[in-house]
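Per chain, numbering begins at 1; letters A, B, ... match sequence-line order.
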Amino acid sequence: MLDINWVCKNVDQVEQALKERNEQNVDLETFVKLNQDRKNLQFRSDEIKHERKEISTSFQKAKKAGEDVAPLQEKTKALKNEEKEIDARLTEIKQQQREFVMRLPNLPHEDAPKGGEESNKVTRTEGEKPAPFDFDAKDHMALCEDLGFVDVNNRGVKIAGSGFALYQGIGAKLVRSLINFMLDLHTDEHGYKEIAPPLLVTRKTMTGTGQLPKFEDDLYHCSKDDLFLIPTAEVPVTNLLSDEILSPKQLPVAYTAYTPCFRREAGSYGADTRGLMRLHQFDKVELVRFCLPEESEAEHQKLLGHAEKVLNLLGLHYRVLELASGDMGFAAARCYDLEVWAPVSERWFEVSSVSNFRDFQARRANIRYRKEAKKVEFVHTLNGSGLALPRIILCILEQYQTDDGRVRVPDALRPYLRADFLSKDV
RNA sequence: GGAGAGGUGGCAGAGUGGUCGAAUGCGAUGGCUUGCUAAGCCAUUGAUGGAGUCAAAUCCAUCCGAGGGUUCAAAUCCCUCCUUCUCCGCCA
């Protein structure tokens with residue numbers, strides 16, 4: 001979230017940013033007024049408390065001296081009534097402010113492209129574009145079916161409904177191999193500490209990273225215990241350090257975690273829901289970093305590099321997109337998407353989103369560091385997928401298929417799969 | 001799920017109605033000193049909100065798991081919830 005006092009002092013800037021993010025009907029004027037009310041009430045409340053304290057101190061003396069204490073008690077009673085009333089209003093205002101500010105998106109980075117999705121900027125295209133097939137190549141749907149290792153439309157749906165994939169045989173092993181490959185890369189080569197977090201988290205945790213209160217509809221919720229299934233490992237892993245004050249020496253902190261991700265995808269029916277393209281549950285290896293504010297730009301690039309490395313090693317053709325202010329996620333200040341080329345479907349698939357949140361999440365989750373002896377400040381948080389599996393599988397299938405109906409295993413995965421080809425019924 | 005015992009500052013741990021934001025120890029930071037390799041001495045060492053200021057200084061308030069209550073006065077008494085530990089039950 002944004003700092004309340006800062007918002008009140010920089011209304012124009014916030015308004016401008018909200019416009020860039022297509023946020024309509026945000027009543028900042030009332031918000032600013034509310035803040036002044038809060039301060040005034042706080043002042044009066046403190047005053048009353050102070051007065052009561054003094055009465056309480058003089059009470060003893062009065063009693064010892066044998067004076068009548070009834071007037072003091074009367075006075076306190078009156079003060080308490082006023083205090084109660086003021087504090088109730090104060091609590092209400094604070095609640096309103098919180099409710100308001102929690103729904104404000106992050107400010108876009110000043111260098112982020114302006115505009116909506118159409119303004120996303122392709123910053124680089126990497127890897128070799130696969131040569132055209134000299135045989136009748138199949139798309140990922142057909143390959144899944146022919147190879148029989150991703151059972152998308154039959155039994156997965158039978159047991160859990162639409163939007164759930166079921167991997168079997170070497171398909172399941174491919175999933176496991178990709179996870180291990182990515183985790184090994186990030187822990188051994190990139191210096192991340194591996195985390196295996198809870199997959200269900202509390203309301204507070206979901207609020208810390210920005211999923212709540214605004215996006216409750218997108219989450220699976222266990223009402224009996226008021227717990228939510230995580231939509232990404234970002235949620236538990238970022239909140240790992242919530243309410244903590246770190247020493248600058250500890251920074252940067254780098255965590256990686258494999259988890260399944262659960263998303264209701266409410267309202268996103270349509271063309272992209274077939275096959276492995278969009279699922280209610282999918283596997284992802286996530287990268288999360290915490291750092292000093294002045295280092296977050298550099299950290300962002302580093303993080304991007306770590307995610308890209310996975311694609312390099314898998315030999316996939318991909319591009320780096322810098323997202324425009326109107327297309328970024330709620331909490332992000334700056335964001336790169338990695339999109340992989342699927343040569344038969346002839347389109348790009350997003351497999352990673354690498355974001356710098358600056359202090360937006362840190363302020364929500366209250367993650368700070370001691371800047372100087374008497375000064376604490378919020379850290380910056382970043383995260384990126386490294387990577388999401390289903391679309392990677394999809395692209396691997398399309399790109400690495402052979403004319404005999406098999407799929408060649410990318411070199412980097414061979415030690416994990418212990419096979420050179422994926423083929424039916426292996 | 002049942003019974004019992006706890007939750008105090010970075011950690012350990014005192015404190016059972018006012019003088020307690022809280023002893024003491026450890027740790028950390030700064031300084032001094034010494035040299036027999038690590039110790040000694042001194043000092044500093046929580047956060048949040050508000051007032052104030054160009055900014056500080058400074059002042060006030062709040063916080064002893066969370067939220068309510070009793071009282072002139074609550075870390076301390078009462079209630080609810082959360083959580084940790086031990087035992088029992090159940091279970092991968």
Side-chain angles (χ1 to χ4, degrees), chain A residues 1-10 31-102 196-208 212 222-228 236 239-251 253 260 290 292 359 362-379:
Chain A
M1 67 182 186
L2 305 174
D3 179 69
I4 291 177
N5 283 325
W6 186 89
V7 170
C8 290
K9 280 186 204 146
N10 298 277
F31 182 67
V32 171
K33 212 171 132 275
L34 213 56
N35 200 36
Q36 196 49 53
D37 290 349
R38 185 192 110 244
K39 289 186 180 189
N40 294 342
L41 287 169
Q42 185 68 57
F43 187 77
R44 181 57 192 149
S45 176
D46 286 354
E47 229 171 32
I48 295 169
K49 289 190 173 84
H50 183 61
E51 227 174 306
R52 276 185 52 209
K53 232 177 174 175
E54 286 188 326
I55 291 175
S56 171
T57 317
S58 57
F59 185 90
Q60 278 191 98
K61 287 184 208 144
K63 189 131 197 189
K64 221 174 263 175
E67 289 168 28
D68 183 15
V69 293
L72 292 178
Q73 288 169 322
E74 282 297 305
K75 186 103 189 277
T76 302
K77 205 169 179 183
L79 285 171
K80 268 180 113 169
N81 282 338
E82 194 193 346
E83 183 186 337
K84 204 167 179 179
E85 196 181 305
I86 287 181
D87 282 356
R89 275 167 62 203
L90 203 52
T91 308
E92 192 187 323
I93 286 182
K94 281 184 183 165
Q95 182 55 38
Q96 280 173 27
Q97 282 190 301
R98 195 179 152 75
E99 187 66 25
F100 181 90
V101 82
M102 285 305 239
L199 307 181
L200 287 163
V201 299
T202 59
R203 196 168 276 279
K204 179 171 188 260
T205 300
M206 275 301 177
T207 309
L212 291 179
C222 304
S223 57
K224 212 164 185 174
D225 301 293
D226 200 26
L227 292 173
F228 296 85
N239 281 287
L240 227 52
L241 298 181
S242 66
D243 293 319
E244 293 194 19
I245 299 176
L246 309 169
S247 140
K249 280 186 275 181
Q250 291 172 259
L251 298 167
V253 174
F290 305 81
L292 297 172
D359 63 0
R363 184 173 285 108
R364 286 175 163 246
N366 199 26
I367 308 170
R368 296 172 292 174
Y369 74 99
R370 193 166 299 283
K371 190 171 187 180
E372 294 155 29
K374 276 274 177 192
K375 205 171 167 196
V376 291
E377 202 172 78
F378 292 105
V379 301

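- Contact annotation: K375(A) does not reach the phosphate of G46(B) (side-chain N/O to OP1 or OP2, under 4.0 Å).
- Taking only side-chain nitrogens and oxygens, R370(A) comes nearer than 4.0 Å to OP1 or OP2 of A47(B).
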(message) Across nucleotides 8-13 of chain B, 5' to 3', mark each nucleotide with B, S or - according to how protein heavy atoms within less than 4.0 Å reach it.
(response) ------
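- Between the side chain of T91(A) and the backbone N or O of D87(A), at least one donor-acceptor pair lies under 3.5 Å.
- Phosphate contact (OP1/OP2 of C82(B), side-chain N/O of R203(A), threshold under 4.0 Å): absent.
- A14(B) and U8(B): their P atoms are spaced 11 Å apart (whole Å).
- Taking 4.0 angstrom as the limit, N5(A) places a side-chain polar atom (N or O) nearer than this to OP1 or OP2 of G50(B).
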(message) So if I define the base as every atom that isn't primed, P, OP1 or OP2, how would nucleotides 60-67 of chain B read as a B/S/- string at a heavy-atom cutoff under 4.0 Å?
(response) SSS-----
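- For the P atom pair drawn from U80(B) and G4(B), the interatomic distance equals 13 Å after rounding to whole Å.
- At a threshold of 4.0 Å, the pair E83(A)-K49(A) counts as salt-bridged, since one of the basic side-chain nitrogens sits closer than that to a carboxylate oxygen.
- Separating the C1' atom of C64(B) from that of C59(B) is a span of 24 Å, rounded to the nearest Å.
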(request) Represent RNA chain B in dot-bracket notation, 5' to 3'. Only Watson-Crick or G-U wobble pairs with both distances under 3.5 Å count; pseudoknot-style crossings use [ ] and interstrand partners use |. (result) ((((((((.[[[..)..(.....]]]((((((.......))))))((((((......)))))).[[[[[..)....]]]]])))))))....
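- Between A73(B) and R52(A), a contact under 4.0 Å exists linking OP1 or OP2 to a side-chain N or O.
- Mapping F43(A) and T57(A) onto RNA chain B via the closest heavy atom, the residue that lands nearer the 5' end is T57(A).
- Here the separation of U16(B) from C78(B), taken at their P atoms, is 14 Å to the nearest Å.
- No side-chain donor-acceptor contact under 3.5 Å links R364(A) and N366(A).
- Remark: the separation of the P atoms in A75(B) and G17(B) is 13 Å, to the nearest Å.
- Nucleotides G7(B) and A61(B), compared at atom C1', are 26 Å apart to the nearest Å.
- Q36(A) and N40(A) share a side-chain donor-acceptor pair at under 3.5 Å.
- Nucleotides A47(B) and C54(B) are separated by 25 Å at their P atoms, to the nearest Å.
- In this structure, K61(A) does not pair ionically with E67(A), as no charged nitrogen and carboxylate oxygen lie closer than 4.0 Å.
- Of the side-chain N and O atoms in K94(A), none sit less than 4.0 angstrom from OP1 or OP2 of G50(B).
- For the C1' atoms, the distance linking U48(B) with C26(B) amounts to 27 Å, nearest Å.
- Using a cutoff of 4.0 Å between basic side-chain nitrogens and carboxylate oxygens, K77(A) and E74(A) are not scored as salt-bridged.
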